[in-house]
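Report on one structure; see the data block that follows.
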Amino acid sequence: VDPSDGRHLLVGSAGGGVWETHDRGRTWAPRTDDQPSLGIGALAFDPSDPAKVYAGTGEGNTKEVPGQGLLRSADGGTTWRLTKAKEVVDPFFYCLLVDPTAGDRLFAATTGGVLVSNNGGHTWKQTLKASTWDLSLGRSANGSIELLAASMNGLYRSQDGGSMWQRVHLPWGPKNFANTYGRMAVCHAPTDPGVAYAFAAREDIVWLWRRERGGGDFFRIKLPSLDPPGGPPGYGISQAWYDWCLAIAPDDPDTVLLGAIDLFRGHRSSKGERK
């Protein structure tokens, strides 16, 4: 969603390119049919200048449509130009973020790990090697940023703009999520970036973790079954390798949305049950 105009949205499809709407989704127009790849893995507006938009080609979930690099738009996503930096030609994209404090700094979660660019995507550096599904950026009251990366090797944290990473302990979790059905999503609370959640699955087990403050420990929150009513046991997370997302309400750090095969909304009680 365009940070400056809620009526203006862009979507990136696994094999159909970028589409644009200016009327909250009532009508759409294709915008990248002239580009060498229609596989879109990630999209991101520049929060400090929404006219600038980036799209990572090569969709990571299916890995069926190879990418050709990074698409850049200077008019809010209507027209695009391809930047073929070698670091982003081969990997498939899962997530793309723009630093709200420095619009030329980009962070990408890809099959080639976490990639960081300090010049608007012209060149990149790999700073975390493990294939990474998701990234979340939290900005503290003093303006500093924290990055959390959900990778096959677990959850990682960076306090220096993605240059160095530290492994985060997730109690009751596996050593890694490198499994056919493994997946993890991570998210900071918009109203309190000290609060963060990680949502993960591996085989037939699912986890939700929460952190109360920046740099603090994560603890596990007990979840009900994520199976649809009447469905077979385990079916609800059987497509976790791509049906997997996490969001926190923009006005309440205790309200969480979990996306598996079905969508679930949870509100944490005042007791804050933990495990």
Side-chain angles (χ1 to χ4, degrees), residues 1-6 8-10 12 18 40-57 67 69-89 91 93-110 112-129 132-151 155-166 168 185-196 211 213-215 247-248 250:
V1 180
D2 185 334
S4 64
D5 181 2
H8 180 211
L9 293 83
L10 300 174
V18 176
I40 305 298
L43 277 168
F45 280 93
D46 178 351
S48 62
D49 183 3
K52 296 180 181 177
V53 197
Y54 303 90
T57 64
L70 183 79
L71 292 172
R72 296 157 46 94
S73 174
D75 57 9
T78 302
T79 61
W80 297 82
R81 297 183 64 180
L82 183 69
T83 300
K84 295 192 68 170
K86 62 180 181 179
E87 297 87 355
V88 293
V89 171
F93 278 78
Y94 289 107
C95 179
L96 188 61
L97 299 177
V98 182
D99 187 341
T101 66
D104 286 334
R105 183 182 296 168
L106 312 181
F107 309 102
T110 75
V114 175
L115 307 176
V116 179
S117 173
N118 290 309
N119 55 13
H122 291 286
T123 61
W124 297 80
K125 181 180 180 180
Q126 182 196 59
T127 62
L128 185 66
K129 292 183 178 181
T132 302
W133 298 297
D134 199 12
L135 289 168
S136 182
L137 188 153
R139 186 176 180 181
S140 66
N142 64 12
S144 63
I145 66 169
E146 175 194 56
L147 286 166
L148 294 173
S151 81
L155 184 65
Y156 286 81
R157 177 177 184 245
S158 174
Q159 296 177 275
D160 61 0
S163 296
M164 302 292 293
W165 297 89
Q166 300 83 38
V168 176
V186 64
C187 190
H188 288 85
T191 54
D192 182 358
V195 175
R211 184 190 72 183
R213 56 182 178 81
I248 305 172

* Asked: How long is the span from the CG atom in Leu97 to the CG atom in Asp134, to the nearest 0.5 Å?
  -> 8.0 Å
* **Separation between CZ of Arg81 and CZ of Arg72, rounded to the nearest 0.5 Å** => 8.5 Å
* Asked: With no hydrogens and no angle check, is any side-chain donor or acceptor of Thr57 less than 3.5 Å from a backbone partner on Gly69?
  -> yes
* OG1 on Thr101 to CG on Leu137, rounded to 0.5 Å -> 7.5 Å
* Structure fact -> Of all heavy-atom pairs linking Ile145 and Arg105, the shortest is CD1-NH1, 4.5 Å
* For Gly194 and Arg211, work out which heavy atoms get closest and say how close. => O-NE, 2.9 Å
* Asked: If you take all heavy atoms of Ala196 and Leu148, which pair is closest and at what distance?
  -> CB-CD1, 3.8 Å
* Before accepting this row, confirm whether a basic side-chain N of the pair Lys125/Glu87 lies closer than 4.0 Å to the acidic partner's carboxylate O. => no
* Calculate, to the nearest 0.5 Å, the distance between atoms CD and OG1 belonging to Gln126 and Thr132 respectively. => 9.0 Å
* Could you tell me whether the side chain of Thr83 and the main chain of Ala85 form a donor-acceptor pair under 3.5 Å? => no
* For Leu9, the option from Asp2, Val1, Leu43 that meets side chain to side chain contact (heavy atoms under 4.5 Å, CB included) -> Val1
* Asked: Nearest heavy-atom pair of Ala44 and Val98: which atoms, and what distance?
  -> CB-CG2, 4.0 Å
* Do Ser158 side-chain atoms and Met164 backbone N/O form a donor-acceptor pair below 3.5 Å? -> yes
* Taking all non-hydrogen atoms of both residues, which atom of Ser136 and which atom of His188 are closest, and how far apart? -> OG-ND1, 2.7 Å
* **From Tyr54 atom OH to Leu106 atom CG, the distance as rounded to the nearest 0.5 Å** => 5.0 Å
* Could you state the interatomic distance from CG (Leu96) to CG (Leu135), rounded to the nearest 0.5 Å? -> 9.0 Å
* Worked check of side-chain contact (heavy atoms from CB on, under 4.5 Å) between Trp165 and Leu147 -> CA-CA 9 Å; Trp165 297 89; Leu147 286 166; 3.7 Å; yes
* Structure fact -> In Thr127, Leu70, Val88, the residue satisfying side chain to side chain contact (heavy atoms under 4.5 Å, CB included) with Leu115 is Val88
